Amino acid sequence: MATNTDYKSASKALDEVLAKLQKPDIQVDEAVKLYEEGLRLIKQCETHLTEAENKIEQLTLQAGAPG
C-alpha cells in the first residue's frame with residue numbers, strides 16, 4: 001500500500017482499510033495485512049495531529065509574548 005504524506009490521505013486510506021476489514025468474506029491473511037496497515041496509518045495520523053497541536057501551541061505562545 002502507498003505511503004501517505006499528509007493527514008487527509010492517511011485518514012482516507014485508513015477509512016478504506018477499515019471498510020475492507022468489515023467485509024464478511026475477508027481471508028485471515030489479508031485481514032492481518034490490513035490490520036498492520038491500519039496500525040501504521042493510525043500512527044501516521046497521530047503524528048500529524050501531534051505536530052499540528054505543537055505548532056498551534058507555539059503560535060499561541062508567540063502571539064501572547066510581548067514584542
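Source: prediction; values computed, not measured.
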TODO: Look at K33 together with E36 and state whether they make a salt bridge at an N to O cut-off of under 4.0 Å.
DONE: no

Task: Gap between atom CD of E37 and atom CD of E30 - 0.5 Å precision - done: 10.5 Å

Task: Partners meeting side-chain contact (heavy atoms from CB on, under 4.5 Å) with D25 (sequence neighbours left out) - done: K23

- [ ] Report the residues that fulfil side-chain contact (heavy atoms from CB on, under 4.5 Å) with I56, sequence neighbours left out, ordered by chain and then residue number.
- [x] T60

- [ ] Using the test side-chain contact (heavy atoms from CB on, under 4.5 Å), find all partners of Y7 that sit at least two apart in sequence or belong to another chain.
- [x] S11, C45, H48, L49

TODO: Can you measure from CG (D15) to NZ (K20) and round to the nearest 0.5 angstrom?
DONE: 12.0 Å

- [ ] Decide side chain to side chain contact (heavy atoms under 4.5 Å, CB included) for R40 and K43; before the verdict, give the C-alpha distance in whole Å, the side-chain angles of both, and the deciding distance to 0.1 Å.
- [x] CA-CA 5 Å; R40 185 188 69 75; K43 184 173 180 171; 5.9 Å; no

Open item on the list: Nearest 0.5 angstrom please: L14 CG to S9 OG, how far?
Closed with: 12.5 Å

Task: More than 12 heavy atoms of other groups within 6.0 Å of N54 CG - done: yes

Open item on the list: Under the criterion side chain to side chain contact (heavy atoms under 4.5 Å, CB included), I'd like the reasoning laid out for L18 against L34: C-alpha separation, chi angles, the key distance, then a yes or no.
Closed with: CA-CA 8 Å; L18 292 173; L34 288 168; over 6 Å; no

Task: side-chain contact (heavy atoms from CB on, under 4.5 Å) involving A52 - partner list, sequence neighbours excluded - done: none

Open item on the list: Counting only heavy atoms not in Q27 (residues, nucleotides, ligands), do more than 12 fall under 6.0 Å from its CD?
Closed with: no

Open item on the list: Through direct or indirect side-chain contacts below 4.5 angstrom among Ile, Leu, Val, Met, Phe, Trp and Tyr, which residues connect to L39?
Closed with: Y35

